[in-house]
Amino acid sequence: MKIILPSSTAPLRRLSRMLKGKAYSEARFFIILDENTYQHCLAPLVAQVEPLQMSELIEVPAGEAGKEPAIAAQVWESLCESGADRHSVIVNLGGGCVSDLGGFVAAAFKRGVRHINIPTTLVGMADAAIGGKTALNIGGFKNQAGFFHQPDIVCIDPEFLQTLPPDELTDGVFEMLKTFLIAGSDLYGPLCDSMLGVNPTLPPDMIAACAEIKNAVVKADPYDLGTRHILNFGHTFGHAIEAFSLQQGTPLSHGRAVGIGMAAALALSVGKLGLNAAIAERYREVAARLTPMPHYSLADSENILRFMRQDKKNAAGEIRCVLLKEPGAPVIDLAIDENEIRQALLRL
Ligand code: GLY
């Protein structure tokens, strides 16, 4: 897997050069995109990446609606009708939902064809496009079917972020905070400072550093058998908070729910692993700037606990979480007592 990061040469120009190389001489390109990336991202892409100018386009529904088995089947039919073969290359132009679907389609088509991820959202650039996880939703449950299928190339061009409403960046910022915290990166502090400032900014170098950390974690454990679990920091709480918010009729985006989940996980880390309380407090301050922090009642916390009991990372009837001993020192698969979870939720 090659990763093209922002630097002095435009990432899309570098992608163009790669696609003119021998490895792609027999390739036909199929771009999977949604209505948003069709409208805002396709023109700049093909203007800079000449080999993609003759690509065939396959439009899919935006968001989670695109991650349905019926949509994957439609894409395979389009590929067959267009005579796609084993040299064909799927180019995913979009956020995490497009790369989850397009990666899945590529993993199964003709028993596996190459794919290229061109993330257009911050979550995609910082996390979803990197690592080879592909997924479909089944029966209303997220990511129930999937393959590990590494993209051939991930091309990160922060210029695409200009096409997004600023509010959309928040989910990605939480993902970056998580990555910098678990890795103990020097960039965690500057990112917090920037988010607490009057004009928050996201320098391309910071996005590139986050993508590199994610890539290194994946390389060490591509099939998510152990150390890659550190990327789930905040997610056991986050998934349950997301499901609870949906049940309450006030849905939170996945990224915001994980952002709130990280505040709970950090509070728990103080009591359980001796994390410096100032780190948890500072994070809470930043998170509260990015999204309103909820105040849960005892009944709410019971409800959230019910969702946490269903988390697929649990084992032996215990709720398992990733907590943080200190920045750069996450502890995976830690069994957590339900009372500790209640306390962390009530203290949010
Ligand atoms: N997004 C978590 C992972 O790639 O493992």
A.B. asks: Within the 4.5 Å heavy-atom criterion, are L164 and L169 side-chain neighbours or not?
C.D. replies: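 When only atoms from C-beta onward are counted, L169 and L164 do touch, with a gap below 4.5 Å.
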A.B. asks: Roughly how far, to the nearest 0.5 Å, is the CZ atom of R347 from the CG atom of L268?
C.D. replies: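 Between L268 CG and R347 CZ, I get 8.0 Å after rounding to 0.5 Å.
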A.B. asks: Hey, any chance V91 and V60 share a hydrophobic cluster, counting ILVMFWY side chains that come within less than 4.5 Å of each other, even indirectly?
C.D. replies: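 Not linked; separate clusters.
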A.B. asks: So, S82 and E56: side-chain donor and acceptor under 3.5 Å apart, yes or no?
C.D. replies: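 Side chains of S82 and E56: pair found under 3.5 Å.
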A.B. asks: Are more than 12 heavy atoms from other residues, nucleotides or ligands located less than 6.0 Å from atom NZ of K20?
C.D. replies: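 For K20, atom NZ is crowded (more than 12 foreign heavy atoms under 6.0 Å).
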A.B. asks: Quick one about S253 and D171 (side-chain donor to acceptor, distance below 3.5 Å, no hydrogens or angles considered), yes or no?
C.D. replies: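 S253 and D171 do have a side-chain donor-acceptor pair below 3.5 Å.
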A.B. asks: Measuring from atom CG of N92 to atom CG of N117, what distance do you get when rounded to the nearest 0.5 angstrom?
C.D. replies: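 Answer for the CG-CG pair, N92 versus N117, is 5.0 Å.
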A.B. asks: Between K67 and N143, do the side chains contain an N or O donor and an N or O acceptor separated by less than 3.5 Å?
C.D. replies: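 Yes, because at least one side-chain N or O of K67 sits under 3.5 Å from a partner of the opposite role on N143.
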A.B. asks: Would you say V218 and V322 are hydrophobically clustered, going by side-chain heavy atoms of ILVMFWY under 4.5 Å?
C.D. replies: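 Unlinked, V218 and V322 end up in two clusters.
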A.B. asks: Can you tell me if NZ on K2 sees more than 12 non-hydrogen neighbours from other groups inside 6.0 Å?
C.D. replies: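 Yes, NZ of K2 has more than 12 neighbouring heavy atoms, counting only those of other groups under 6.0 Å.
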A.B. asks: Under 6.0 Å from the CD atom of E35, do we count more than 12 heavy atoms belonging to anything else shown?
C.D. replies: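 Counting other residues, nucleotides and ligands, CD of E35 stays at 12 neighbours or fewer.
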A.B. asks: Tell me yes or no: between the side chains of R14 and S7, is some donor less than 3.5 Å from an acceptor?
C.D. replies: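 Result is yes, a qualifying pair exists.
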A.B. asks: Identify which one of Q144, E64, E68 satisfies the side chain to side chain donor-acceptor pair (under 3.5 Å) criterion when paired with N137.
C.D. replies: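 Looking at Q144, E64, E68, the match for N137 under the side chain to side chain donor-acceptor pair (under 3.5 Å) is E64.
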A.B. asks: Are F307 and F244 close enough that their ring centres sit under 6.0 Å apart?
C.D. replies: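 No - the distance between ring centres of F307 and F244 does not fall below the 6.0 Å cut-off.
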A.B. asks: For H235 and H254, I'd like to know if the aromatic rings sit close, meaning centre-to-centre distance below 6.0 Å.
C.D. replies: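 So the answer is yes for these two rings.
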A.B. asks: Examine the side chains of N303 and Y296 and answer whether a donor and an acceptor come within less than 3.5 Å of each other.
C.D. replies: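 The criterion, which ignores hydrogens and geometry beyond distance, is not satisfied for Y296 and N303.
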A.B. asks: Can you check whether P200's main-chain N or O pairs, donor with acceptor, with S194's side chain at less than 3.5 Å?
C.D. replies: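 Not a single qualifying donor-acceptor pair exists.
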A.B. asks: If hydrophobic clusters are built from ILVMFWY residues whose side chains come within less than 4.5 Å, do F237 and I182 share one?
C.D. replies: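 No, separate clusters.
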